[in-house]
Amino acid sequence: DKKYKRQESMQQDDEKRKEGEGEAVVEEVSVSEISEEQDLPETDAELAAEYLNDLKRLQADFENYKKRQVTREKEIAGYLIEKLVMDLVPVMDNFRMATEHVPEAERTSPWVTGIQYIEKQLEKVLTENGVTTIEVKVGDTFDPTIHEALEQAASDGASEKTEEGERSDTQTVTRVLQNGFRIGERVIRPAKVTVK
């Protein structure tokens, strides 16, 4: 098509030249026309191969785009879950404290049972979204990746801090102040503990 149009254009220019009474008509050819003519494939097979390569390139680009979108959606979902957990963690702490301080005489009360049921429902929702509680017991070795020491208890009347203010290498958990939470392997909130 382009070669045919080019030939028509050349014929029209020749006619103008003849009509122009000897004036020289300079043919204006744009750079894009020249490059298009040079880049044109010679045969239908070459044209088909070029279209096939373009199609494969577009298909690969689209597949890469889909993979990037899936990764991005997972990251956004992770951030949303993390924010939700950070908002719900204080509520969990309050439920836990409320159920721990119920007087013995009231432990079988329907009101207390209802609060415990709500606490379990909330824990179930968090678990279904990949949130787990960091299990800590008194006597566990202190691990700074999952524990946060708020206090250091003195042992035998002396502090375990050295003169430079560093803690000794072997510390154990003496009291759990707040449970920690994680999503997968990522710690959302470390468990708050007292160590010795």
Side-chain angles (χ1 to χ4, degrees), residues 57-196:
R57 194 176 313 112
L58 286 172
Q59 187 176 12
D61 288 345
F62 184 66
E63 289 299 322
N64 290 336
Y65 167 77
K66 286 193 328 190
K67 289 176 186 174
R68 283 193 305 270
Q69 284 301 104
V70 167
T71 303
R72 186 168 177 254
E73 287 173 9
K74 285 180 182 176
E75 287 174 358
I76 290 171
Y79 291 131
L80 292 176
I81 289 173
E82 186 173 334
K83 176 161 180 9
L84 177 68
V85 169
M86 292 308 293
D87 291 344
L88 290 178
V89 161
V91 177
M92 291 290 297
D93 292 337
N94 290 336
F95 270 118
R96 197 161 283 118
M97 284 191 297
T99 55
E100 285 175 359
H101 293 89
V102 172
E104 267 315 307
E106 298 292 324
R107 290 217 182 256
T108 57
S109 164
W111 183 80
V112 173
T113 305
I115 287 181
Q116 289 172 335
Y117 179 72
I118 294 169
E119 179 185 7
K120 286 182 179 156
Q121 273 188 315
L122 189 54
E123 286 175 354
K124 182 180 177 188
V125 167
L126 291 174
T127 302
E128 288 172 353
N129 283 286
V131 178
T132 55
T133 305
I134 297 173
E135 298 295 331
V136 184
K137 297 183 291 280
V138 173
D140 287 353
T141 304
F142 178 75
D143 180 358
T145 60
I146 60 171
H147 301 139
E148 180 182 349
L150 296 183
E151 298 176 8
Q152 182 166 4
S155 66
D156 301 326
S159 175
E160 294 224 357
K161 288 187 180 180
T162 62
E163 290 180 14
E164 293 83 24
E166 297 174 1
R167 296 181 181 151
S168 67
D169 289 341
T170 56
Q171 293 179 320
T172 56
V173 174
T174 57
R175 189 169 146 217
V176 180
L177 304 172
Q178 279 185 338
N179 286 329
F181 295 92
R182 67 173 77 185
I183 297 176
E185 294 301 312
R186 189 173 64 209
V187 175
I188 300 300
R189 185 183 81 178
K192 297 182 180 182
V193 296
T194 301
V195 295
K196 158 175 107 161

Is the backbone N or O of Thr194 less than 3.5 Å from a side-chain atom of Thr174, with the two atoms forming a donor-acceptor pair by type?
->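 Indeed, once roles are kept as given, a pair shorter than 3.5 Å links the two residues.
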
Main-chain N/O of Glu135 paired to Thr133 side chain as donor or acceptor, under 3.5 Å =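 Not confirmed, Thr133 side chain does not pair with Glu135 backbone.
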
Heavy-atom closest contact ([X] atom, [Y] atom, distance):
| X | Y | result |
| --- | --- | --- |
| Arg189 | Ile134 | O-CD1, 3.8 Å |
| Val112 | Glu106 | CG2-O, 3.3 Å |
| Ile118 | Phe95 | CG2-CZ, 3.3 Å |
| Val136 | Ala191 | CG2-CB, 3.5 Å |
| Thr145 | Asp143 | OG1-OD1, 2.7 Å |
| Gly78 | Arg186 | O-NH2, 4.0 Å |

Pair His147-Val173, side-chain contact (heavy atoms from CB on, under 4.5 Å): steps then yes or no = CA-CA 9 Å; His147 301 139; Val173 174; 4.3 Å; yes

Evaluate the side-chain proximity of [Y] to [X]: yes if any heavy-atom separation is below 4.5 Å, no if none is.
| X | Y | value |
| --- | --- | --- |
| Met86 | Ile188 | yes |
| Leu122 | Val91 | yes |
| Ile183 | Val85 | yes |
| Glu119 | Thr99 | yes |

For the atom pair [atom1] ([X]) and [atom2] ([Y]), what is the distance rounded to the nearest 0.5 Å?
| X | Y | atom1 | atom2 | answer |
| --- | --- | --- | --- | --- |
| Ile76 | Glu73 | CD1 | CD | 7.0 Å |
| Arg175 | Leu150 | CZ | CG | 9.5 Å |
| Arg107 | Glu104 | CZ | CD | 5.0 Å |
| Gln171 | Thr141 | CD | OG1 | 10.0 Å |
| Phe62 | Gln69 | CZ | CD | 9.5 Å |

Show the numbers, then the answer: is there a side-chain contact (heavy atoms from CB on, under 4.5 Å) between Thr132 and Phe181?
-> CA-CA 6 Å; Thr132 55; Phe181 295 92; over 6 Å; no

Just wondering, are more than 12 heavy atoms of other shown residues or ligands nearer than 6.0 Å to CD in Gln59?
->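 Atom CD in Gln59 is not packed in, count stays at 12 or less.
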
Check [Y] with [X], please: is the shortest side-chain N to carboxylate O separation under 4.0 Å?
| X | Y | value |
| --- | --- | --- |
| Arg96 | Glu123 | yes |
| Glu75 | Arg72 | no |
| Lys83 | Asp87 | yes |
| Lys192 | Asp93 | no |

Applying side-chain contact (heavy atoms from CB on, under 4.5 Å), run through Val193 and Leu177 and close with a yes or a no.
-> CA-CA 5 Å; Val193 296; Leu177 304 172; 5.8 Å; no

